[in-house]
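Report on the following structure.
Numbering of residues begins at 1 and proceeds along the displayed sequence. In this text, all values refer to a predicted model and were calculated from it rather than measured experimentally.
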Amino acid sequence: QVQLVESGGGLVQPGGSLRLSCAASGSFFSIHAMGWYRQAPGKQRELVAAITAGYTTNYTDSVKGRFTISRDNAEKMVYLQMNSLKPEDTAVYYCNHATRPGAWGQGTLVTVSS
């Protein structure tokens with residue numbers, strides 16, 4: 001069983017930055033590839049960033065060069081540094097396993113607007 005708690009969202013102007021955090025519980029955190037997902041109103045949930053157990057990272061094209069995913073295995077934390085934010089980044093952001101997601105947490109809302 002795993003519990004995932006996302007935080008760090010909020011209202012930010014276009015071009016601004018936010019750092020999202022995901023606190024994970026449970027065993028064997030360090031062997032799982034983790035990801036950040038987002039779901040905008042009326043759209044499907046999409047995987048935007050992933051980091052493997054070997055610290056390899058991957059990003060969807062729309063966020064490449066702007067977002068950075070990282071992890072701290074000792075603290076069981078996953079982070080998403082979001083820079084140069086755009087209105088189209090507005091969504092609820094979730095963390096989960098990148099390959100076979102389990103139960104979803106409540107997410108954290110990111111709103112990019114002037």
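Panel note: side chain Asp72, backbone Glu75; a donor-acceptor pair is recorded below 3.5 Å. At distances below 3.5 Å, not a single donor-acceptor pair connects side-chain atoms of Asn58 with backbone N or O atoms of Ala49. With hydrogens and angles ignored, the 3.5 Å screen pairs a side-chain donor or acceptor of Thr108 with a backbone N or O of Gly9.
Two residues are said to be in side-chain contact when any heavy atoms from C-beta on lie closer than 4.5 Å; Leu109 and Tyr93 fail this criterion. By the 4.5 Å heavy-atom criterion applied to side chains, Gln81 and Ser17 are counted as neighbours. With contacts defined as side-chain heavy-atom distances shorter than 4.5 Å, the pair Tyr37/Trp104 qualifies. No side-chain heavy atom of Tyr79 sits less than 4.5 Å from a side-chain heavy atom of Leu20. Side-chain atoms of Trp36 and Cys22, non-hydrogen and from C-beta on, do get closer than 4.5 Å to each other.
Using a 4.0 Å cut-off between charged nitrogen and carboxylate oxygen, Asp89 and Lys86 do not count as a salt-bridge pair.
Cation-pi geometry between Arg38 and Tyr94 is not met at under 6.0 angstrom from the ring centre and within 45 degrees of the axis. Cation-pi geometry between Arg71 and Phe29 is met: the NZ or CZ atom falls under 6.0 Å from the ring centre, inside 45° of the normal.
The distance from atom NZ of Lys43 to atom OG1 of Thr90, rounded to the nearest 0.5 Å, is 11.0 Å.
Considering Leu4, Thr99, Thr52 in turn, Leu4 is the only one that fulfils the side chain to side chain contact (heavy atoms under 4.5 Å, CB included) rule with Met34.
The environment of Glu46 atom CD is dense: over 12 non-hydrogen atoms of other residues, nucleotides or ligands sit within 6.0 angstrom.
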